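Since the structure comes first, as structure tokens, the remarks are kept for the end.
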Amino acid sequence: MTTDSGPTLQRSSGFTQFILAPNPGPMSLDGTNSYILRDPGHSSVVVVDPGPQDETHLAALAGAGAVELVLVTHRHADHTAGSARLHQLTGAPVRAADPLHCHGGGAPLLDGELIRAAGLEIAVLATPGHTSDSVCFHLPADGEYGAVLTGDTVLGRGTTVLDYPDGTLGDYLASLHRLAALGPATVLPAHGPVLPSLEGIVHDYRTHREERLAQIRAALRRLGRDASVGEVADAVYADVGPSVRRAAELSVAAQLSYLREGNGGQDDGGGTVG
């Protein structure tokens, strides 16, 4: 949120606040939620997903406290473009799973790593699927059931795009299964509103994927097994506008690859799809 006086900090959980970046769009919804993490008793903070290269937004993040560390959930520019500049403003190292997006001596993130910063314990969970380098950050002590910063793996509204071929459906389903094991944790997405019960949202996401796979199977029966991505997208995503047509085609490509590799009726680690 931005007011006449500048960007506004909004409370999202006991240990987190966020500033909404000024980059709304078809793929970013209202904009990127740049999170500020800290135990209430600490002056230092951790910033997650600095967002775009926007000086006003980055200055607001830098002014939210003594920035100790910057983390990013994945490589897309609406999360990382401001990272190097935020390091310049604060001196804080930037850490990501992809070394290309680490700055200031920040080491690449490791799956299962436990980060201690700003008075918090932050667990790193590798959750590929949206992209190959996607990670989530689990705050187990944030509220009764904990909280999870889900990046674009789970959104606050709608469903995420699989950036195929970098992101794959097999990886994504396995990541959803892993997240469901965290139970009714609060969902802190990079786009859209905060949601309750991660396991409930994951159930809805899996149901959506199963429905889409069923639609694609039906389209292949009509069009032939060798139908193109564009032909299948025309059949399954006929109602989408041109601004999200490429996203629809990426999702179709990911699902066609999944089915053509023989995964359509196999167990993916979290149950049977389709």
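If you're wondering where the values come from, they're calculated on a predicted model, not measured in any experiment.
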Got [X] and [Y] here, is their nearest side-chain heavy-atom distance under 4.5 Å?
X    : Y    : answer
H191 : D152 : yes
Y145 : T186 : no
L195 : R157 : no

Checklist entry - What residues, two or more places apart in sequence or in another chain, satisfy salt bridge (charged side-chain N to carboxylate O under 4.0 Å, His left out) together with D163? => result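 D163 satisfies salt bridge (charged side-chain N to carboxylate O under 4.0 Å, His left out) with R75 only.
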Checklist entry - What residues form a ring pair (Phe, Tyr, Trp, His ring centres under 6.0 Å) with Y35, not counting sequence neighbours? => result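 Ring pair (Phe, Tyr, Trp, His ring centres under 6.0 Å) check on Y35 returns F18.
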Item to check | ring pair (Phe, Tyr, Trp, His ring centres under 6.0 Å) partners for H76, two or more places apart | outcome: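 Result, ring pair (Phe, Tyr, Trp, His ring centres under 6.0 Å) vs H76: H74, H130.
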Next on the checklist: Can you pull out every ring pair (Phe, Tyr, Trp, His ring centres under 6.0 Å) where at least one residue sits in residues 209-242? Sequence neighbours excluded, please.
Outcome noted: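 Of all non-adjacent pairs touching residues 209-242, none passes ring pair (Phe, Tyr, Trp, His ring centres under 6.0 Å).
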Next on the checklist: Suppose we screen for side-chain hydrogen bond (donor to acceptor under 3.5 Å, both in side chains). Which residues come up paired with T90, at least two apart in sequence or across chains?
Outcome noted: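 With sequence neighbours excluded, T90 shows a side-chain hydrogen bond (donor to acceptor under 3.5 Å, both in side chains) to no residue whatsoever.
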Checklist entry - What pairs with S34 under side-chain hydrogen bond (donor to acceptor under 3.5 Å, both in side chains), at least two apart in sequence or on another chain? => result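 Partners of S34 under the side-chain hydrogen bond (donor to acceptor under 3.5 Å, both in side chains) test: H57.
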Next on the checklist: As a test of understanding, state which of T160, V161, T150 forms a side-chain contact (heavy atoms from CB on, under 4.5 Å) with L155.
Outcome noted: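 Of all the options given, the one that passes is T160.
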Checklist entry - Quick check: are there more than 12 heavy atoms from other residues, nucleotides or ligands sitting under 6.0 Å from CZ of R246? => result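 Atom CZ in R246 is not crowded, with 12 or fewer foreign heavy atoms closer than 6.0 Å.
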Item to check | Whether over 12 other heavy atoms sit under 6.0 Å from R11 CZ | outcome: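 Atom CZ in R11 is crowded, with more than 12 foreign heavy atoms closer than 6.0 Å.
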Checklist entry - Charged N to carboxylate O under 4.0 angstrom, R38 versus E68? => result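 Judged by the 4.0 Å cut-off on N to carboxylate O distance, R38 and E68 do not form a salt bridge.
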